[in-house]
Amino acid sequence: GTLVINGSVGGDVRVLGGKVTINGPVKGDVLMLAGTLTVTEKASIGSDLVMSAGTLDLNGPVAGSVRIAGGSVTINSKINGAVSVHISDQLVFGAQADIASPVAYTGRQAAVVRDGAKVGQINFTPEKSNKKGILGLLGALAGLKLLAGIFAGLLLVYLLPKRSGHIIENMRRRPWANLGMGFLALIVIPVVSLVLTVILIGYYVAFIVLLVYLLCLAFAGLLAGIFLGAWLIKLLTKKPAMVLDWQAVLVGMVLFGLVAFIPLVGWIFDLALLLIAFGALVQFTWADMRRDRAGLSDKTA
């Protein structure tokens, strides 16, 4: 919810929060997804600042580049590197702003430059009005997808608790093995289906394999979110084990969706978690099929 960093940070800062204040020097990068971020005069960023926020008040110097997506942004400090800003409200350069590199700025209105500010060329690209409708539609679709994911996750947890728990426990115990298996299955299964289709006599099998493949990917997305929520709740509450309940589903699905909006690393994190879930699910499905086959053989004998 609220985080205040008063000390000196020797490495990078990566934060997802509501209201964040940096009040001390950071030697590395700052990667931020926040409602409000304030970087005070006592703070400094030794490398790059990459962030998405509703409101940013930047008063400390940045040694590297700055990439910002958000609502209202005020820059009132020295920035040594390139500056790229995409905001929906207003960009203000305060009297202490000192930026030598060109500023790439996309927004609804021209930037405000206060007296005393040292700002080089501002390459302003007006945001087209039709983007509002597109963004509104995308926002509605994202909200609908989130609600559908939460609903499906609740059904999965309460209708198949043992199977879901087994897969998520496997994700926790063997993340790297599942990541490798998920990556391999992601590539190999479509190739096998394509080969079966080409030889004609296998196109029915190819259709079934592709259908199972897509279903597993869909369920993997749900399991990835549930795992993230259960793991985070376990970490915060210090419970001995992960609990699969409505809280894990709600927190996990919301957080899994929000992480994707973090520039550069967000989609990588979500993809890795999805592949871990996919790998665990493929192994569970294969083992389940083998058990069914063994049971059928025993009955036949």
Side-chain angles (χ1 to χ4, degrees), residues 1-128 131 135 258-259 261-268:
T2 300
L3 173 68
V4 180
I5 301 174
N6 287 316
S8 176
V9 180
D12 299 331
V13 170
R14 301 182 184 91
V15 173
L16 172 66
K19 184 178 180 181
V20 182
T21 301
I22 300 179
N23 199 34
V26 177
K27 188 175 181 181
D29 297 325
V30 173
L31 179 62
M32 190 78 59
L33 178 61
T36 300
L37 171 61
T38 301
V39 180
T40 69
E41 296 87 348
K42 296 180 181 179
S44 62
I45 299 173
S47 190
D48 297 335
L49 169 63
V50 179
M51 64 161 301
S52 176
T55 302
L56 168 64
D57 193 3
L58 179 60
N59 297 294
V62 179
S65 61
V66 172
R67 281 164 287 178
I68 303 169
S72 178
V73 174
T74 300
I75 297 176
N76 197 32
S77 64
K78 182 179 178 61
I79 299 176
N80 291 336
V83 178
S84 176
V85 184
H86 189 151
I87 63 174
S88 59
D89 194 358
Q90 190 173 52
L91 173 62
V92 177
F93 293 99
Q96 303 301 318
D98 185 357
I99 304 172
S101 301
V103 177
Y105 168 44
T106 301
R108 297 179 183 176
Q109 53 186 316
V112 176
V113 181
R114 304 294 187 195
D115 292 340
K118 300 176 183 179
V119 182
Q121 182 179 354
I122 300 176
N123 298 321
F124 175 50
T125 303
E127 190 176 45
K128 296 181 180 180
K131 287 187 177 181
L135 290 175
L258 286 176
V259 168
F261 289 97
I262 299 177
L264 303 180
V265 299
W267 69 271
I268 297 177

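This chain uses plain numbering: 1 for the first residue, then up along the sequence.
The minimum heavy-atom distance linking Leu33 with Leu258 is given by the pair CD2-O, 3.6 Å. When all heavy atoms of Ala63 and Gly46 are compared, the pair lying nearest together is CB-O, 3.3 Å. Nearest heavy-atom pair across Phe93 and Ala117 is O-CB, 4.1 Å. Closest non-hydrogen pair, Gly64 versus Asp48, comes out as CA-OD1, 3.4 Å. The minimum heavy-atom distance linking Pro61 with Ala43 is given by the pair CD-O, 3.3 Å.
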Walk me through whether Val113 and Ile122 qualify under side chain to side chain contact (heavy atoms under 4.5 Å, CB included). CA-CA 10 Å; Val113 181; Ile122 300 176; 4.0 Å; yes
Side chain to side chain contact (heavy atoms under 4.5 Å, CB included) assessment of Gln96 paired with Asn59: CA-CA 8 Å; Gln96 303 301 318; Asn59 297 294; over 6 Å; no
Given Ile68 and Val83, is the side chain to side chain contact (heavy atoms under 4.5 Å, CB included) satisfied, shown in steps? CA-CA 8 Å; Ile68 303 169; Val83 178; 5.7 Å; no
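Under the 4.5 Å side-chain criterion, counting only non-hydrogen atoms from C-beta, Leu58 is in contact with Leu49. Within the 4.5 Å cutoff, the side chain of Arg14 has no heavy atoms near those of the Ile262 side chain. Between Met51 and Val30 the shortest side-chain heavy-atom distance does not fall below 4.5 Å. Side-chain contact between Ile87 and Arg108 is absent, with no heavy-atom pair separated by less than 4.5 Å. No side-chain heavy atom of Val9 sits under 4.5 Å from any side-chain heavy atom of Ile22.
With respect to Lys19, the side chain to side chain contact (heavy atoms under 4.5 Å, CB included) criterion is satisfied by exactly one of Thr55, Thr2, Thr38: Thr2.
Remark: the backbone N or O of Asp12 is not paired with any side-chain donor or acceptor of Asp29 at under 3.5 angstrom. In this structure, the side chain of Ser77 engages the main chain of Gly60 through a donor-acceptor pair within 3.5 Å. Using a distance-only test at 3.5 Å, with no hydrogens or angles considered, a donor-acceptor pair links the side chain of Asn76 to the main chain of Ala95.
Once rounded to the nearest 0.5 Å, the distance linking OG1 of Thr74 with CZ of Arg114 reads 8.0 Å. The OG1 atom of Thr21 sits 9.5 Å away from the CG atom of Asp57 when rounded to the nearest 0.5 Å. One finds the CG atom of Leu56 at 5.0 Å from the CG atom of Leu37 (value rounded to the nearest 0.5 Å). In this structure, the separation between OH on Tyr105 and CG on Asn123 is 13.0 Å, given to the nearest 0.5 Å.
In this structure, the salt bridge (charged side-chain N to carboxylate O under 4.0 Å, His left out) partners of Asp98, at least two apart in sequence or on a different chain, are Lys78.
Thr40 and Asn23 form a side-chain donor-acceptor contact under 3.5 Å, judged by distance and modelled atom types alone.
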